[in-house]
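Here's the structure, in C-alpha cells; my notes come after.
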Amino acid sequence: MNPFRYIRPTKPQAAIDAVANDPTATFIAGGTNLVDLMKRGVMTPQKLVDINRLPLTKIEHDNNGLRIGALALNATVADDRQVRERQPLLVQAINAGASAQLRNMATTGGNLLQRTRCPYFYDLALPCNKREPGSGCGALEGINRMHAIFGFSDKCIAVHPSDMSVALVALDATVQVSGPKGNRSIPFADLHRLPGDTPEKDTTLEPGELITAVHVPDGPFTKHVSYYKVRERASYAFALVSAAAALDLDGTTIRAARLALGGVAHKPWRLLAAEQALVGKPATEETFRQAATVAMQGARAFKHNEYKLRLAPNTLVQALNTAAAA
Ligand code: SF4
C-alpha cells in the first residue's frame with residue numbers, strides 16, 4: 001500500500017476543505033471498499049480524511065419522510081424500527097447486500113459510493129478506462145458475463161454494485177450533499193452517471209462534496225414490496241441481476257408501482273415506462289410479464305452476458321409476484 005497522510009476532522013466543513021483543497025485526498029468512512037482498492041493499488045490517495053467523527057449518524061423522521069445520516073451503518077439502518085415500518089423495500093435491499101460483518105462496518109454514504117467490481121478494474125496488469133482513462137476496456141472483448149446490458153458505452157460496460165441504491169432509486173430518494181459551494185440536494189436517479197466518454201467518474205458529485213444524508217419520502221409502499229437478488233452464492237455475492245418492486249394496490253388493481261433493476265447498468269436502473277405500464281392493471285403474472293417486456297426495451301448483451309436478457313425480466317416478474325403476495 002502507498003504511504004498516505006491521515007486526518008480525522010470533527011466538523012463537516014473541515015473535512016470538505018481538506019478534500020476540496022487537495023486533489024490527492026479522499027474521504028474514508030467504513031473503508032470496506034476503499035481499503036481493498038488501496039491495498040491493490042487501484043486507488044492511491046495521498047491523504048485520507050476520516051469522517052467517522054462527524055455528526056452524521058442520525059436516522060430521523062420528519063413530516064415528509066426519513067432522513068438517514070450518511071454515517072448510519074447499513075446494519076443500523078436495516079434494524080431501525082422506523083425504517084422497517086416505513087421503508088421495508090430499503091431494508092430488504094440492505095440485507096441482501098454483502099455480509100453481516102460488512103454491513104456492520106459499511107455506511108450509508110459509502111454504500112452509494114462503492115466502486116464497480118469489474119475484475120479488470122481491480123487488476124493493474126489489464127486495461128481499464130475507469131482505472132486509467134485511455135487505456136482501453138478489457139471487458140469489452142474479454143470476459144463480460146457480469147457486465148451491463150443497458151446504458152453502456154464503448155469506453156466502459158461495468159455495472160454499479162450497490163443493492164441499497166437500487167431500492168433508493170425506486171423510492172425516489174434524494175441525496176443531500178455539502179461542498180465548497182454550499183449545500184444541495186440531488187435526486188437519487190441523478191447521483192450515479194452513465195459511463196459515456198468519462199467512465200472514471202462514477203457520480204455527479206463535485207470535488208470535495210460530501211454526502212451528509214439520504215432522504216426517503218414517505219409513500220404508500222409499506223407492504224407490497226420485494227427486493228429479489230439473483231447471485232452465484234446465496235451467502236455473499238454481488239448481484240448478477242436484482243429487482244426492486246413496490247406496489248400500491250387497491251384490492252387487486254395496481255394504483256402505483258416503483259421498479260428498478262440492479263446489476264444491469266453503470267447506475268441503478270429505474271424502470272419508469274414499466275411502472276406506467278402497470279398502473280390500473282390487475283396484479284397478475286400476465287400483467288407483470290407485459291411490464292417486464294417494456295422494461296427490457298433497449299437492452300443489449302455482450303458475448304458472455306446474453307443470459308441477462310432472460311434473467312432480468314424473470315427476476316423482475318419474480319419480484320413483482322412476491323411483492324403482490326406480501
Ligand atoms: Fe474498466 Fe469499465 Fe471496462 Fe471494466 S467495463 S474494464 S471497469 S472500463
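Counting convention: from 1, in listed order, for ligands and their atoms alike.
Atoms of ligand 1 found under 4.0 Å from any heavy atom of Gly138 (numbered from 1 in listed order, with element): 6 (S). For ligand 1, the atoms sitting less than 4.0 Å from at least one non-hydrogen atom of Asn129 are 1 (Fe), 8 (S), numbered in the order shown with element in parentheses. Within ligand 1, counting atoms from 1 as listed, the ones closer than 4.0 Å to a heavy atom of Lys155 are 8 (S).
A donor atom on one side chain and an acceptor atom on the other are not found under 3.5 Å apart for Asp202 and His160. Using modelled atom types, one finds a donor on one side chain and an acceptor on the other under 3.5 Å when comparing Asn321 with Glu285.
Here the heavy atom of the protein found nearest to atom 1 (Fe) of ligand 1 is Cys128 SG, 2.3 Å. The protein heavy atom nearest to atom 6 (S) of ligand 1 is Tyr120 CB, 3.3 Å. Atom 2 (Fe) of ligand 1 has as its closest protein heavy atom Cys156 SG, 2.4 Å.
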Original post:
Should Gln318 and Asn314 be marked as a side-chain hydrogen bond (donor to acceptor under 3.5 Å, both in side chains) after you check the CA-CA gap, both sets of side-chain angles, and the distance that decides it?
Top reply: CA-CA 6 Å; Gln318 180 67 46; Asn314 286 341; over 6 Å; no
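Side-chain atoms of Asn129 do not come within 3.5 Å of backbone N or O of Cys156 as any donor-acceptor pair. A side-chain donor-acceptor contact under 3.5 Å links Glu275 to the backbone of Leu259.
Using 4.0 Å as the threshold, Arg131 has no heavy atom nearer than that to any atom of ligand 1.
Atom 1 (Fe) of ligand 1 has no N, O or S atom of Cys118 closer than 2.8 Å. At least one N/O/S atom of Cys137, whether from backbone or side chain, sits less than 2.8 Å from atom 3 (Fe) of ligand 1.
Just one residue in the list Val159, Val264, Ile149 forms a side chain to side chain contact (heavy atoms under 4.5 Å, CB included) with Val241, and that residue is Val264.
Side-chain contact between Tyr6 and Arg8 is present, with heavy atoms from C-beta onward closer than 4.5 Å.
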